[in-house]
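Residue numbers start from 1 in every chain, and the chains themselves are labelled A, B, ... in the order their sequence lines are given, proteins ahead of strands. Since the model is a prediction, treat every value here as computed from it, not as a measurement.
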Number of protein chains: 2
Amino acid sequence: MTVVTLARLAGVSHSTVSRALNGDPRISSATRERITAIAIDQGYMPDALARTLSGGRSGLIGLVLGPVENPFYISMLQEVVAQAAVRGLRPLILHLGAGSAEEDTLRALHQYRVDGCLVTSAQLSSDIADLCGRRGVPVVMLNRVTRLHASSVSSDNIAGAEQMAHFLLSEGHRSFAFVGTDTASSTAQEREEGFCRALSTAGFGVTRFSGQSSSWLGGFAAGEEIASLPQDARPHAIFAVSDIMALGVIDALRRHGLRVPEDVSVAGFDDIAEASRPTYNLSTIAQPLVTMVQRGMDLLLARIRNPDLPHETVLLRGRLVARGTTRPRMIQDKL
Amino acid sequence: MTVVTLARLAGVSHSTVSRALNGDPRISSATRERITAIAIDQGYMPDALARTLSGGRSGLIGLVLGPVENPFYISMLQEVVAQAAVRGLRPLILHLGAGSAEEDTLRALHQYRVDGCLVTSAQLSSDIADLCGRRGVPVVMLNRVTRLHASSVSSDNIAGAEQMAHFLLSEGHRSFAFVGTDTASSTAQEREEGFCRALSTAGFGVTRFSGQSSSWLGGFAAGEEIASLPQDARPHAIFAVSDIMALGVIDALRRHGLRVPEDVSVAGFDDIAEASRPTYNLSTIAQPLVTMVQRGMDLLLARIRNPDLPHETVLLRGRLVARGTTRPRMIQDKL
DNA sequence: TTGAAAGCGTTACCAC
DNA sequence: GTGGTAACGCTTTCAA
């Protein structure tokens, strides 16, 4: 079932079929309706490849995803897939997981004529953005920033971290720790910066702990370190760079007999699904995931339609979600 | 940079270029080397779309993934992406998450000329397999079985569950519970069947508990129910249909002051990454994930090359991993 | 308002 | 061995 077949069936030329189906205004509505009816009747579907080859768009958007140990990026993937479907786009996975796949990624990008790219990987961001920029393929970074050839949508990490700092201060905490990793992504750096600066302004220092990776295990390791501290050196409140690390911290503290939040308050960033499990009930900064993906797609689509649009950086405000892992410190101070 | 451009550069026809690059034995090695050198020099990459249109394979494999609340399927995705890359295939996400997307999925399947399909969704399995079968697109189900138009690779759920039953018996447990969901997938059904049958043969019954969904929350709900049982009605050992549910069960039990494994033994199935966290250290049946994906891809590739191959069902044996959430019951019997 | 023809980048079938 | 030509299914000038 192709345009040619349909044309024969309708007794017109295949050009007419193409025009009718693509809503060309020059086709009479009588002809259009007749052709459309036949097309539906025959279950016709235009071949995306042929259409692309003939100079159109592929409808493919390349996805570059970082390590999936952090559930936040899974939710992101889920949301991207859902919203892509709504807009009639198909997500082609270019890369997933740690490690760089420059060559491979680039090849697919080119060979399949990907219309645009969505990138959420820390490591790859700059490289990929650069490669795409050279190829004239629009790129939008989700939750990552780069100065090169790309637009980006992220939550305001600095503001969010500051907000958390003020919240913890307002709860009466007076000694603080930050849990992150050594290899800091832009996102992680901003969160640390925002947190430390806000506290520094208020006259407080922040002890830094770091795990190997931005994962539960990394958080757990940091948590064990904190738990082994003498009581008077133990921070009142711990802010982890991500929820997944915060959960690791909590598990480590509890394992060592410390109660959260009675002995130590812990907070994270992201608001992943696990954070609201009753066993954690983690206080955190919720990222506006749906909006992030929405705006990201909008940006990408706009740039696909008009590649000359200037790069844009969208910053979305997160929302403080005060749950059960943080609580006012006064009570304990009085003890 | 196309075959035509290269042809001009090399002073030959574009047919010759195509042949040289595709290893046609009729091309003299002198010509071949010259053309290859120019191609590399110019950074030429064949256009996958044009190639497909001209009757070749697209190199695209459709991915249909079920709900991603279960981390096992994330690992699976990761492995599929990695292995697809090795074989020069690109994974096109046709569907991800709950809910059926028949129409949409089918459209993409057809429009992008997907070479084959990998399906891991419980709900969609039969529909999709059917649709693909009609279109002549080979399908391989991973961890799912269907009788229609498809091959499948799964772990031997029945044998695995039986193995777990015997293991728990050998540890001295004498009362058992199974935790699953109401809407049972083929996988879940088999695991329940294997577990119950093995125990029934040994003369023991199994109490069934079920949560809403096959997720942490589902397990947690079941765990709460179990925890609220009077002590003499409490099972010695609990087998959950999946690790993610088992973790929920454990968290619920602990929340109610019960110790695992001192008071109750808990085991799961899958061996997801979370299972080996020191805070859980879950006993489970490990699915041979890498092999599963490997065999699945092999099957798919074989069927793409030769669509007339008969359907095949591969059953892979899982491995019992005895960790810390199960332990011999003798000690307690003596108390 | 419609039809004919060219072109997108490849591969494949025939000649030479 | 190699070159011309057709074909894949579609969109898009250019004519009429």
Side-chain angles (χ1 to χ4, degrees), chain A residues 1-36 38-39 42-60 88 107-115 135-136 305, chain B residues 1-36 38-39 42-60 88 107-115 135-136 305:
Chain A
M1 200 36 61
T2 74
V3 273
V4 179
T5 332
L6 282 184
R8 260 199 288 275
L9 254 45
V12 296
S13 79
H14 70 275
S15 330
T16 305
V17 172
S18 172
R19 282 195 274 257
L21 263 28
N22 288 308
D24 190 310
R26 297 176 305 183
I27 299 293
S28 72
S29 45
T31 317
R32 158 166 303 115
E33 278 165 28
R34 193 159 50 85
I35 295 179
T36 309
I38 299 179
Q42 299 287 323
Y44 167 77
M45 291 177 189
D47 185 312
L49 275 56
R51 177 178 280 177
T52 308
L53 191 57
S54 163
R57 303 259 152 245
S58 68
L60 255 27
R107 201 205 316 281
L109 202 67
H110 186 77
Q111 291 192 317
Y112 290 96
R113 303 211 189 173
V114 164
D115 288 340
R135 299 256 162 210
R305 296 212 182 89
Chain B
M1 204 29 67
T2 74
V3 273
V4 179
T5 331
L6 283 183
R8 260 198 289 274
L9 254 45
V12 295
S13 78
H14 71 276
S15 325
T16 305
V17 173
S18 173
R19 282 194 276 256
L21 263 25
N22 288 306
D24 190 310
R26 297 175 306 183
I27 299 293
S28 72
S29 44
T31 317
R32 158 167 303 114
E33 277 165 29
R34 192 160 51 86
I35 294 179
T36 309
I38 299 180
Q42 298 288 323
Y44 167 77
M45 291 178 191
D47 186 313
L49 275 55
R51 179 176 279 176
T52 309
L53 189 58
S54 163
R57 302 261 154 243
S58 67
L60 254 27
R107 200 204 317 281
L109 204 67
H110 186 78
Q111 291 192 317
Y112 289 96
R113 304 209 190 177
V114 165
D115 287 343
R135 298 256 163 211
R305 295 212 184 89

Residues two or more places apart in sequence or in another chain: which of them pass side chain to side chain contact (heavy atoms under 4.5 Å, CB included) with A:V3? A:H14, A:V17, A:Y44
To the nearest angstrom, the CG-P distance between B:L21 and C:dT10 comes to 9 Å
Residues passing the side chain to side chain contact (heavy atoms under 4.5 Å, CB included) test with B:Q42, sequence neighbours excluded, are B:M1, B:L6, B:L9, B:I38
Which heavy-atom pair separates A:V114 from A:A108 by the least distance, and what is that distance? CG2-O, 4.3 Å
Give the minimum heavy-atom separation between B:S58 and A:Y112, together with the two atoms involved. O-OH, 2.6 Å
Could you tell me whether B:S18 contacts a base, only the sugar-phosphate backbone, or nothing, with contacts defined as non-hydrogen atoms closer than 4.0 Å? base
Give the rounded distance in Å between these two atoms: CZ of A:R8 and P of C:dG3. 14 Å
Under a criterion of less than 4.0 angstrom to any heavy atom of chain A, what are the 5'-terminal and 3'-terminal contacting nucleotides of DNA chain D? D:dG9 to D:dT13
Hits for side chain to side chain contact (heavy atoms under 4.5 Å, CB included) against A:S54, two or more places apart or cross-chain, chain-then-number order -> none
Between A:Y112 and C:dG9, does any side-chain N or O lie under 4.0 Å from OP1 or OP2? no
Round to a whole Å and report the spacing from CG of B:D47 to P of C:dT11. 10 Å
For the pair B:R34 (side chain) and B:A10 (backbone), establish whether a donor and an acceptor sit closer than 3.5 Å, ignoring hydrogens and angles. yes
Salt bridge (charged side-chain N to carboxylate O under 4.0 Å, His left out) involving A:R113 - partner list, sequence neighbours excluded: B:D47
So if I take the C1' atoms of five pairs at each end of the helix from C:dT1-D:dA16 to C:dC16-D:dG1 and get each local axis, what angle do the two axes make, rounded to 10 degrees? 50°
Tell me whether the side-chain N or O atoms of A:H14 pair up with the base of C:dT2 as donor and acceptor below 3.5 Å, since no angle test is needed here. no
Which comes earlier along DNA chain D counting from the 5' end, the contact point of B:T16 or that of B:R113, where each point is its nearest nucleotide? B:T16
Taking side chain to side chain donor-acceptor pair (under 3.5 Å) as the test, write out the residues that go with B:T16, two or more places apart. B:S13
Counting only heavy atoms and a strict 4.0 angstrom limit, can you tell me which residues of residues 50-58 of chain A come near DNA chain C? A:L53, A:S54
Which heavy atom in B:T52 sits nearest to a heavy atom in B:A48, and how many Å separate them? OG1-O, 2.6 Å
Classify the nucleic acid contact of A:V4 as base, sugar-phosphate or nothing, counting any heavy atom under 4.0 Å across all strands shown. nothing
Hits for side chain to side chain contact (heavy atoms under 4.5 Å, CB included) against B:R305, two or more places apart or cross-chain, chain-then-number order -> B:L301
How is A:M1 classified with respect to the nucleic acid when contacts are heavy atoms under 4.0 Å: base, sugar-phosphate, or nothing? nothing
Distances under 3.5 Å between nitrogen or oxygen atoms of protein and nucleotides 13-16 of chain C:
from, atom 1, to, atom 2, distance (Å)
C:dC13, N4, B:R19, NH1, 3.0

Tell me, which pairs form a salt bridge (Lys or Arg N to Asp or Glu O under 4.0 Å) where one or both residues lie in residues 21-31 of chain A, sequence neighbours left out? A:D24-A:R26
Which salt bridge (Lys or Arg N to Asp or Glu O under 4.0 Å) pairs, counting each pair once, include a residue from residues 7-21 of chain B, with sequence neighbours left out? none
No-hydrogen, no-angle side-chain donor-acceptor test under 3.5 Å, A:S18 and A:S15: no
Give me the atom names and distance for the closest heavy-atom approach of B:D115 to B:R57. OD2-CB, 3.3 Å
